[in-house]
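Here's the structure we're looking at; comments come further down.
Numbers restart at 1 for each chain; the letters A, B, ... are given by sequence-line order, proteins then strands. Every value quoted in this text rests on a predicted model; they were computed, and no experiment measured them.
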Amino acid sequence: MPELPEVETIRRGLDKQVRGSVISEILLSQHRGFQFKKAAFRTAVQGQLIHRLTRRGKYLVFELDHHFCIFHLGMTGQLTLRDPSREDVPFRRHPVTGLQRTPQHSADEHTHLQFVLDNDHRILFRDVRKFGKIALLRREKRTLEEFFSRLGLEPFTSTYNLDHFLSYMNGRRTKVKSLLLDQGFVAGVGNIYADEALFESRIHPSRRVHQLRVYEKHALFEAIPQVLEKGIRFGGTSIRDFINTEGEAGDHQQQLNVYGRQGQPCRSCDTPLEKIVVSQRGTHFCPVCQPLRGSSRKRALAKDFRP
DNA sequence: AACCTTCCCTGATGGC
DNA sequence: TGCCATCAGGGAAGGT
């Protein structure tokens, strides 16, 4: 589940490796996530220079001469670089951690796109569960902005400010976890970092947005970039499938406070962490550090006993 | 408009 | 051992 820190980790790796290369050949599989005609895509992209890679939320953008090629990695999307002078190694799972890794692999049945570069290196897009998407936009004024028009605040930029943050919350009655998963609010936050940000700001994921105290909204505003930055600093979170462009797992899974730690002691108070479902998503929290408070707790409990 | 549910997709996992 | 149900979840689409 590549979220902002994982996509940023890939962006940083690939940008360094392929900036300035020319795409000399394109190989495509059948994939319903391609938002273009394959022949047109090949014609358009072939021969174009990769100027740089940028990111918006969970989207990765290849900036080419005349087009933007935009990747969304979905759940299991991987982008790796393959060096022809190095040996290919199949995917292996670590016997203890179960993490998938490979220093470098050849294309397999899950590899849906390959860019062959002028130095014979290849960029491989692999996506087992096919939730990923790839789009191609002509590089004209405002097209990128329009493409991303549904996305909300971009962390680490000036658009991420408290006024925008609070005004998006205005009038909302949904659960705060649901709001965090809404890409129109803060772009790039997914299930893992939503849970981590809520733990950091000591807010129960089922709390209703309109019932949050002002100080809690401020804490969440601070916590979101903080947990994302930490994810980037540790090279992303590898729960199962995430690997960087070198085929290595990230290290951030060791740093998680709540995600995937149900039953284990809270690092702050030792209480066993709990897992519930919110918005159809597994949701992890500490029942003591992140309480449902006062009347809202009574209502929640009463509701549980209704037939 | 806001909010919620369903669906897409495959591999890992656990029960029997 | 093998089979089957269940689970993981981002985001589009459809419904209320």
Side-chain angles (χ1 to χ4, degrees), chain A residues 1-8 10 29-36 55-60 70-79 90-102 105 108-113 125-135 147-152 167-198 205-212 228 231 236-243 249 253 256 258-263 275-284 303:
Chain A
M1 55 212 81
E3 305 178 28
L4 186 153
E6 290 73 39
V7 178
E8 178 62 17
I10 290 169
S29 75
Q30 298 297 330
H31 191 322
R32 68 200 319 273
F34 293 155
Q35 303 180 338
F36 46 73
R55 182 190 54 72
R56 175 82 165 94
K58 302 174 191 172
Y59 290 84
L60 186 68
I70 304 168
F71 286 72
H72 191 291
L73 302 179
M75 289 292 303
T76 54
Q78 301 170 331
L79 276 167
F91 281 100
R92 283 192 314 252
R93 287 192 184 276
H94 189 277
V96 177
T97 63
L99 291 179
Q100 185 187 62
R101 62 185 64 193
T102 167
H105 63 92
D108 63 6
E109 74 270 30
H110 301 301
T111 303
H112 297 294
L113 176 148
F125 171 66
R126 187 172 181 268
D127 184 14
V128 171
R129 278 156 72 180
K130 300 182 188 169
F131 280 17
K133 287 180 168 46
I134 304 175
F147 186 84
F148 291 136
S149 62
R150 281 162 310 176
L151 294 184
S167 69
Y168 196 89
M169 287 182 147
N170 266 342
R172 307 248 168 193
R173 307 176 75 83
T174 191
K175 294 174 179 177
V176 61
K177 168 75 183 268
S178 306
L179 184 74
L180 284 177
L181 296 177
D182 175 0
Q183 299 302 294
F185 178 42
V186 179
V189 176
N191 205 35
I192 296 174
Y193 295 94
D195 284 4
E196 295 297 316
L198 288 169
S206 296
R207 295 274 306 286
R208 297 281 168 178
V209 172
H210 69 288
Q211 291 173 337
L212 294 178
L228 295 174
T237 305
S238 294
I239 296 298
R240 174 163 288 164
D241 299 302
F242 172 69
I243 52 176
Q253 57 280 5
L256 296 172
V258 287
Y259 185 88
R261 297 193 65 241
Q262 62 273 20
K275 181 177 181 182
I276 58 175
V277 174
V278 178
S279 282
Q280 279 67 253
R281 298 291 177 260
T283 298
H284 314 72
K303 197 178 165 192

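- For the pair A/S279 and B/dC4, the criterion of a side-chain N or O lying under 4.0 Å from OP1 or OP2 is not met.
- Of all heavy-atom pairs between A/D127 and A/G132, the closest is OD2-N, 2.8 Å.
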Apply side chain to side chain contact (heavy atoms under 4.5 Å, CB included) to the pair A/K177 and A/N191, showing each step before the final yes or no. CA-CA 9 Å; A/K177 168 75 183 268; A/N191 205 35; 2.7 Å; yes

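- Applying the 4.0 Å criterion to OP1 and OP2 of C/dG10, one finds that A/K133 has every side-chain N and O outside that range.
- The shortest distance between the side-chain N/O atoms of A/H110 and the OP1/OP2 oxygens of B/dG11 is below 4.0 Å.
- Whole-Å rounding puts the A/Q78 CD to B/dT10 P distance at 15 Å.
- In this structure, the side chains of A/F147 and A/I70 come closer than 4.5 Å at one or more pairs of heavy atoms.
- If you measure from atom CZ of A/R129 to atom P of C/dG10, you get 10 Å, rounded to the nearest angstrom.
- When the P atom of C/dG11 is taken as reference, atom CZ of A/R56 falls 12 Å away, rounded to whole Å.
- Between A/E109 and A/R281, the one whose closest nucleotide on DNA chain B sits nearer the 5' end is A/R281.
- The side chain of A/H72 approaches C/dG10 more closely than any other nucleotide in the set B/dC9, B/dC3, C/dG10.
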Please report the C-alpha distance between A/K133 and A/Q35 in whole Å, then the side-chain angles of each, then the deciding distance to 0.1 Å, and finally whether the side chain to side chain contact (heavy atoms under 4.5 Å, CB included) criterion is met. CA-CA 7 Å; A/K133 287 180 168 46; A/Q35 303 180 338; 3.2 Å; yes

Go through A/L212 and A/M169 one step at a time and tell me if the side chain to side chain contact (heavy atoms under 4.5 Å, CB included) criterion holds. CA-CA 10 Å; A/L212 294 178; A/M169 287 182 147; 4.3 Å; yes

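- Taking 4.5 Å as the limit, every side-chain heavy atom of A/L180 sits out of range of all side-chain heavy atoms of A/V278.
- Note on A/K275: only backbone sugar-phosphate atoms sit closer than 4.0 angstrom, heavy atoms only; bases stay farther off.
- With rounding to whole Å, A/M75 atom CE is found 6 Å from C/dG10 atom P.
- For the OP1/OP2 pair of B/dT10 and a distance below 4.0 Å, the side-chain nitrogens and oxygens of A/K130 include at least one atom meeting the criterion.
- Residue A/R32 places its side chain closer to B/dC9 than to any other of B/dC9, C/dG10, C/dA12.
- Ranking C/dG11, C/dA8, B/dC3 by closeness to the A/T174 side chain, first place goes to B/dC3.
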Test side chain to side chain contact (heavy atoms under 4.5 Å, CB included) on A/L79 and A/L73 and set out the steps. CA-CA 8 Å; A/L79 276 167; A/L73 302 179; 4.1 Å; yes

Where does DNA chain C pair, written as one dot-bracket string 5' to 3', with Watson-Crick or G-U pairs under 3.5 Å, ( ) inside the strand, [ ] for crossing pairs and | for another strand? .|||||||||||||||

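- Atom CD in A/E3 sits roughly 6 Å away from atom P in C/dG10 (whole-Å rounding).
- Proximity of A/R240 to the phosphate of B/dG11: no side-chain N or O atom is located under 4.0 Å from OP1 or OP2.
- Among the nucleotides B/dT10, B/dT5, C/dA12, the one closest to any side-chain atom of A/Q280 is B/dT5.
- Looking at heavy-atom distances under 4.0 Å, A/Y259 makes contact with sugar-phosphate atoms alone, never a base.
- Which of B/dT13, C/dG10, C/dA12 sits closest to the side chain of A/L181 comes down to C/dG10.
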